[in-house]
Every structure is written in structure tokens, then in C-alpha cells.
K.L.:
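Right, I'll just put the structure down here and ask away after.
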Protein chains: 2
Amino acid sequence: MRSTPAPGSADLPAGSTEPPGVAAASTARSDRTARARIRDAAITRFAADGVAATSIRAIAAEADVSPGLVIHHFGSKDGLRAACDAHVAARIRQAKQQAVAAGAALDPIGALRAASQGPPVLRYLARTLAEASPQVAALVDELVDDAVAYQADGVRTGMLTESDDPRGRAVVLTMWSLGALVLHEHVARLTGVDLTEDPATSGAWVVPATEALARGVLAEEIYDRVRDGFAAEEDGHDGR
Amino acid sequence: MRSTPAPGSADLPAGSTEPPGVAAASTARSDRTARARIRDAAITRFAADGVAATSIRAIAAEADVSPGLVIHHFGSKDGLRAACDAHVAARIRQAKQQAVAAGAALDPIGALRAASQGPPVLRYLARTLAEASPQVAALVDELVDDAVAYQADGVRTGMLTESDDPRGRAVVLTMWSLGALVLHEHVARLTGVDLTEDPATSGAWVVPATEALARGVLAEEIYDRVRDGFAAEEDGHDGR
DNA sequence: CAAACTCCTGAACATGCGTTCAACCCCCGC
DNA sequence: GCGGGGGTTGAACGCATGTTCAGGAGTTTG
């Protein structure tokens, strides 16, 4: 449309997430590139107030730059949002792989909490899980796929029971985990546990959740009835 | 502040949710009061796009009134939002009581789906569960309290197993249910089941969820370990 | 018929928004 | 020293927003 060279067209500048020499000790606030600072500020504000309710000016103020620079780097607010989605997804994938490498692949999101250095990645995820985004949707699909694999491992080692529908169960467990994350404010109010931080500080959430998943909640016969009911419907194609 | 009489100051005009003679048969679209039409339009738009991303003009257009009338009736956009919260909470409480009276008190939210006549109450809930609102928070607290009572009944009739922490388990199950509702778009993409409609049209969600809740997922010993671990931490006050 | 009342509209207001653009600073190669 | 280019600013633009307000139907009451 325009003759301007469209500066922010490249979404990810070739893995430049961190220029090498960043020491963890100093609390330096301007040694990162402005682009990274803006992105992190956007993640913080989006996580706190939601995307629609956050203005570019608020993000610029948090990053200590001018509104114009935000647009210069990301093209538009939508571009910024996409870049945040991509960055958060990348951070979470990376944390996931680290957790797998470390051996603790039990709870998909439990592992992600380790990623809580820097911008509030998990709170951002909690927000955007409810606001349709293709990047987040792809991430969720991956989490489900991974959960299927983890489950297979868990069944082999005897930590998990077998399932009639491994993928269905993976979907259910992933949705329960992520759903609780989205509702972290309600969980915090009801139990005092902040799921976006390390939930092991109190057992008020983890213990009952583990109990439900280990001992079960429903009488086993109920499952047989529900399953057979739907199986009959499938056969008859319309259970009426 | 102003000398204006502030027309919309009364939040709920003395239980006028439905003037008596509304027949369910006719699809009449303008026999309801404009106030009710605006409120339902707002619920629809808020449910579809989120509160922040919905303009008063869009609501006015959907309700076929002028933007001014929206303000006249509800005072402000925040007032409208509060009225929607209150109305949806009332609708859900009512549906819940009906479901209890009808005997099917098993799944707190499953019962709520029956309320899906009129504006998309459940989708509105799914949206606002993630956007802090005191009215919705109070509703969630009620759902948990009710779940505690339902669980006690269920244990008595043998449909549910006993729990070491009934309230904790009620919180967990309620959060899982509501969380899955919030993520209904992801659930629909992954399983084809729309949790905001009647989920019994397919077992792809209900069957694995029932399996997980009935048979359990984790090896039982894991619960003992987790519980004892936290119990030890409680005793020592700091498990280091 | 007119006055009064309720419901409602349409234009207008101020504000804040996302975005644009010309100019500026500062560092780097020459 | 000097030109040039990327990073950055600040003012401005057009627009959509939430809200205000004077008054226009339409019906009821005197």
C-alpha cells in the first residue's frame, strides 16, 4: 500500500532473544534492546489487563519509550500481540523441553512454572487462552500431543493407569490444567494458592487435585454406564 | 458530582426480570422492554467479543436502539456490565435450583446448560470468569458451596467416593468444570464438542472425563506420597 | 385541545485511541 | 571533520469511543 519499507515486517529477528552477555546479577533496566523491553512490557500489561483494555501508550510508558517506537518495531498493535504470542509460546516450549530433559514430565503446566523469570509468561498465557489466537491454539495442540506421549510413558512406568481413550484423556487433563490456570484468581481466592507461581508452597490445591486424580471421585460403575450409553448411541447413530 | 438525577442509579428495579405475560411460543422481537433488549444484546456481544472490545454503539445496534438510550437505562458501560453480571448470575442460580429440584444435581455446570434459552448466558460466564468481577466471584463461591453439599449427598448415595478434604475437592472439581467451560473453544477444536451447548451430543468429552473421574489417572500411591509430603511440611512448618 | 409524562433519538462533545511522519540524536566508517 | 544511517522522539492526524443533552414522538391525563 505504502512506499514505506515496513520496518517491523520480520516477526522474529533470527533468534536474537538475548544478546549474549547478559549477566543475571545486575538489575539493569536498559541494557536489553528497546525491542525486547517493549515486548516484555506488552506481555506484562496484556497479562494484567487483557489485550483489548491495554493501550499502546500504556505499554510505551512501561517500557520507557515513545508510542511511535512501539509501532516502529512491531508495525501495529496486532503485530505486537502476535509477537508476544510467539515469544510466550517459544518460552513455554523451551521450558517444557528443559523440564522433560530434567525428567519431571508429569504435569505439563507444572513444569512451565519454572519459566517464571522475566515477564509473567504464565499470566499472559492464562489471559490469552480465553482470547482466540492461532499461535496459542497451536501451542495448546502441542501441549495435548505432548501429554499423550507423557501419558504413554507414565502408563509404562506404572505411575498412570491405562485409559480406553488415551488422547481423549490427554485432552481432558490438559484442559483441566489450563482451565485452572485461567481461573487462577478464583483458585487463589478459594484456596490461597497462586497457580501462576510455584503451587508447592501450600498443598491446598495440589493435594485435593492429586486425590481426585489418584483415588477417583465417581463410583466406577458410573463410567461403565456413561461409556456404554454413548457406545449404544454411536451404534444406533441416533439414540432416540 | 452533577445536578442531573442520574437515571440508571438503581441496579435492579425490584425484580422486574420478566413482566408476567411472556409466552414462549412467539418469536416476537420487540415485545420485551427496551431495557431487557439492551441487556440481552449486551450479554450477547460481551459473550462474543469480550467486554473491553465491545462498544456501546455495537450493543445499541444489536438492540436496535440509540447509544443514548443504553446510557439512559444503565448509566454507564460499567453499569451495563454490572447489570449483565447480575442478570446472568440470577439466571444461573435459577437454573441451578430448577436442576436441583428436578433431581439431577450431579454436575453443577451440566445443569446450567439447560438455561441456554435467550441470550448466551454460558458463553458470557465463560468470558467473564477470566475478567475479574465481584458478582461473578460471588457466584463462583456459591457454586463451590453447592458442590460441597452435592458431594456430601453423592457420598451418602454411593455415587461419589469419600474425600480427605471435601471442600478442597469441591474447589478442584468446580474449577475443572468452569475452566473447561472457559476453554470451550479449545475443547471444541480438539474434540468437536461445544461445552456451551448440550455436550451429550457426543461422548468425546464426557466419556474420557468420566473415565478420569471414576477410574482415576494416577497410581494411588502417588496421592499418599504427595499428601504425606505436604503434611510433613505443615508439621515442620518449613520442610527444609 | 392542551398539558404532562415516559420513552427515545440524533447530534454533539471531549477524550483517548492507533497510527503517521518529519526531524533529531548518536554512533560508525571514511 | 563529515556524511550517513539506524534508533528514537514528539507532535500531529483521523477516528471511534463513552457520555451528554436538548428535544421529538406517542400516549395518558386534565
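So you know, we letter chains A, B, ... as the sequences are listed, proteins then strands, and number each from 1.
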K.L.:
Rounded to whole angstrom units, what separation is found between the CZ atom of B:Arg32 and the P atom of C:dC7?
P.N.:
17 Å

K.L.:
Closer than 4.0 Å, any side-chain N/O of B:His73 to the OP1 or OP2 of C:dC8?
P.N.:
yes

K.L.:
Roughly, in whole Å, what's the span from CD1 in B:Ile38 to P in D:dT19?
P.N.:
14 Å

K.L.:
How many whole angstroms separate atom CD1 of B:Ile56 from atom P of C:dA12?
P.N.:
20 Å

K.L.:
Judged by each residue's nearest nucleotide on DNA chain C, which is more toward the 5′ side, A:Ser55 or B:Leu69?
P.N.:
B:Leu69

K.L.:
Before accepting this row, confirm whether a basic side-chain N of the pair B:Arg35/B:Asp40 lies closer than 4.0 Å to the acidic partner's carboxylate O.
P.N.:
no

K.L.:
In whole Å, I'd like the distance from the CD1 atom of A:Ile59 to the P atom of D:dT8.
P.N.:
17 Å

K.L.:
Between B:Arg127 and B:Asp49, does at least one N-O distance fall below 4.0 Å, as a salt bridge requires?
P.N.:
no

K.L.:
The side chain of A:Ala34 is closest to which nucleotide in this list: D:dT8, C:dT9, D:dT19?
P.N.:
D:dT8

K.L.:
If the threshold is 4.0 Å, N to carboxylate O, is there a salt bridge linking B:Arg37 and B:Asp64?
P.N.:
no

K.L.:
A:Arg81 has an atom CZ; how far is it from atom C1' of C:dG18, in whole Å?
P.N.:
16 Å

K.L.:
Starting from P on C:dC21, measure out to NE2 on A:His72 and report it in whole angstrom.
P.N.:
14 Å

K.L.:
With distance as the sole criterion, do the side chain of A:Arg57 and the base of C:dG18 form a donor-acceptor contact below 3.5 Å?
P.N.:
yes

K.L.:
Would you kindly give the CZ-to-C1' distance between B:Arg35 and C:dT6, to the nearest whole Å?
P.N.:
15 Å

K.L.:
To the nearest Å, how far apart are A:Ile71 CD1 and C:dT20 C1'?
P.N.:
9 Å

K.L.:
Is it true that a side-chain atom of A:His87 and a backbone atom of A:Arg39 form a donor plus acceptor pair closer than 3.5 Å?
P.N.:
no

K.L.:
Among D:dG18, D:dT9, D:dT8, which nucleotide has an atom closest to any side-chain atom of A:Val65?
P.N.:
D:dT9

